[in-house]
Amino acid sequence: MNYTWMKVLVVGVFLVVGASCIYTSDWFQKKYAYPFLYNELVCQYAAKHELDPWLVTGVIKAESKFVLEAKSPVGAVGLMQLMPETAQWIAVQSEDPGFQLQDLASPEVNIRFGTWYLASLKHEFHGNEVLMLAAYNAGRGNVKEWMEQHGWTMEFRDIEQIPFPETREFIREVLWNKKRYQELYNR
């Protein structure tokens, strides 16, 4: 048997195991996979609006991956990917007369408005995270229509029944992110 191949195999296994240990370490996960940027703003506005900060963080991770300048093809902007029309509506509802669309580039404004909107959806959908996240992604009008069409109640939890594949994936991703952030940072 060729001992060179045996050495290559042993080194290869060692490298794979080492890389796996690094990747799964809390340090690597926190630094690269699940950073908790803007944590003071997230915690401040989550508390103000009685939201789970890990849910808010999960939304930000799913929506923008914490890229402040993120912009979707349909025009949603910032950390929490707010549509300009929604932001204008939030400004009126939350009595922020000085708001201008360029303010969404500010982490403080984007998180303040995004958490306000999530809180309004939480209230509207009686704390049901699946429905409120569906409404955040697909619009409250669509969710209300689905509820009426399919006879869903406020106890609805079956993500697979949601008609939009993108919305199903969004909800799964946010809930996974929420769980992962709780595991990493809530120790």
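Below, all heavy atoms of this structure are taken into account, side chains as well, without hydrogens, waters or symmetry copies.
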* To do: Examine F164 together with W146 and report whether their ring centres are nearer than 6.0 Å.
  => yes

* Are E148 and E145 close enough that some pair of their side-chain heavy atoms sits under 4.5 Å apart? -> no

* Shortest non-hydrogen contact from N110 toward G78 -> ND2-CA, 3.4 Å

* **Residues which pass ring-ring contact (aromatic ring centres under 6.0 Å, His included) with Y117, listed by chain and number, not counting sequence neighbours** => Y136

* Asked: About how many Å separate CD of Q149 and CG of N142, when rounded to the nearest 0.5 Å?
  -> 9.5 Å

* Structure fact -> Of all heavy-atom pairs linking A46 and P53, the shortest is CB-CA, 3.8 Å

* Asked: So if you build clusters from Ile, Leu, Val, Met, Phe, Trp, Tyr with side-chain heavy-atom gaps below 4.5 Å, do I159 and F170 land together?
  -> yes

Enumerate donor-acceptor pairs with a distance under 3.5 Å from any side-chain N or O in residues 35-43 to protein atoms, sequence neighbours excluded.
none

* Taking all non-hydrogen atoms of both residues into account, name the closest pair between P163 and H150 and its distance. => CG-NE2, 4.4 Å

* Residues that, via side-chain heavy atoms closer than 4.5 angstrom, fall in one hydrophobic cluster with V92 -> none

* **E166 atom CD: more than 12 heavy-atom contacts under 6.0 Å** => no

* Asked: Is there side-chain contact between N128 and R157, with at least one heavy-atom pair below 4.5 Å?
  -> yes

* Between atom CD1 of I111 and atom CD of Q44, what is the distance when rounded to the nearest 0.5 Å? -> 9.5 Å

* Sequence-distant partners of A87, side chain to side chain contact (heavy atoms under 4.5 Å, CB included), two or more places apart -> F99, L104, F113

* **W89: partners by ring-ring contact (aromatic ring centres under 6.0 Å, His included), with sequence neighbours left out** => W116

* Spatial distance of atom CD (E63) from atom CG (L79) [nearest 0.5 Å] -> 10.5 Å

* Asked: Can you find a heavy atom in the side chain of Q29 that is under 4.5 Å from one in the side chain of R180?
  -> yes

* For K178, salt bridge (Lys or Arg N to Asp or Glu O under 4.0 Å) partners two or more places apart -> D52, E129

* To do: Identify the two heavy atoms, one from V174 and one from A62, that lie closest to each other, and give their separation to 0.1 Å.
  => CG2-CB, 3.7 Å

* Close side-chain approach of H49 to L118, heavy-atom, < 4.5 Å -> no

* Structure fact -> R168 meets the salt bridge (Lys or Arg N to Asp or Glu O under 4.0 Å) criterion, sequence neighbours left out, with none

* Asked: What do you reckon, is CD of Q93 surrounded by more than 12 foreign heavy atoms closer than 6.0 Å?
  -> yes

* Any V143 side-chain heavy atom under 4.5 Å of F125 side chain -> yes

* **Those residues that, when tested against T167, pass side chain to side chain donor-acceptor pair (under 3.5 Å) (two or more places apart)** => N137

* Structure fact -> Sorted by chain and number, sequence neighbours left out, salt bridge (Lys or Arg N to Asp or Glu O under 4.0 Å) with E95 holds for none

* Side chain to side chain, Y34 and F66, heavy atoms closer than 4.5 Å -> no

* To do: Starting from the C-alpha separation in whole Å, work towards a yes-or-no answer on side-chain contact (heavy atoms from CB on, under 4.5 Å) for V77 and L101.
  => CA-CA 10 Å; V77 296; L101 285 178; over 6 Å; no

* Structure fact -> Tracing side-chain contacts under 4.5 Å among Ile, Leu, Val, Met, Phe, Trp and Tyr outward from V67 reaches none

* Sequence-distant partners of K65, side chain to side chain contact (heavy atoms under 4.5 Å, CB included), two or more places apart -> E173

* Asked: Short question: side chain of K122, backbone of E50 - any donor-acceptor pair under 3.5 Å?
  -> yes

* What's the shortest heavy-atom distance between A70 and Q81, and which atoms? -> O-NE2, 3.1 Å

* Asked: Around atom NZ of K71, are there more than 12 heavy atoms of other residues, nucleotides or ligands at under 6.0 Å?
  -> no

* **From CD (Q88) to CD (E85), nearest 0.5 Å** => 8.5 Å

* Can you sort out the partners of K48 under salt bridge (Lys or Arg N to Asp or Glu O under 4.0 Å), two or more places apart, ordered by chain and number? => none

* Hey, does M132 have a side-chain heavy atom less than 4.5 Å from the side chain of L51? -> yes

* Structure fact -> N177 and G58 have their tightest heavy-atom pair at ND2-O, 3.2 Å

* Asked: Counting only heavy atoms not in H123, do more than 12 sit closer than 6.0 Å to its NE2 atom?
  -> no

* Asked: Is the closest side-chain heavy-atom distance between M147 and F156 below 4.5 Å?
  -> no

* To the nearest 0.5 angstrom, please state how far the CZ atom of R112 sits from the OG atom of S94. => 6.5 Å

* Approximate separation, where rounding is to 0.5 Å, of R172 CZ and L133 CG -> 13.0 Å

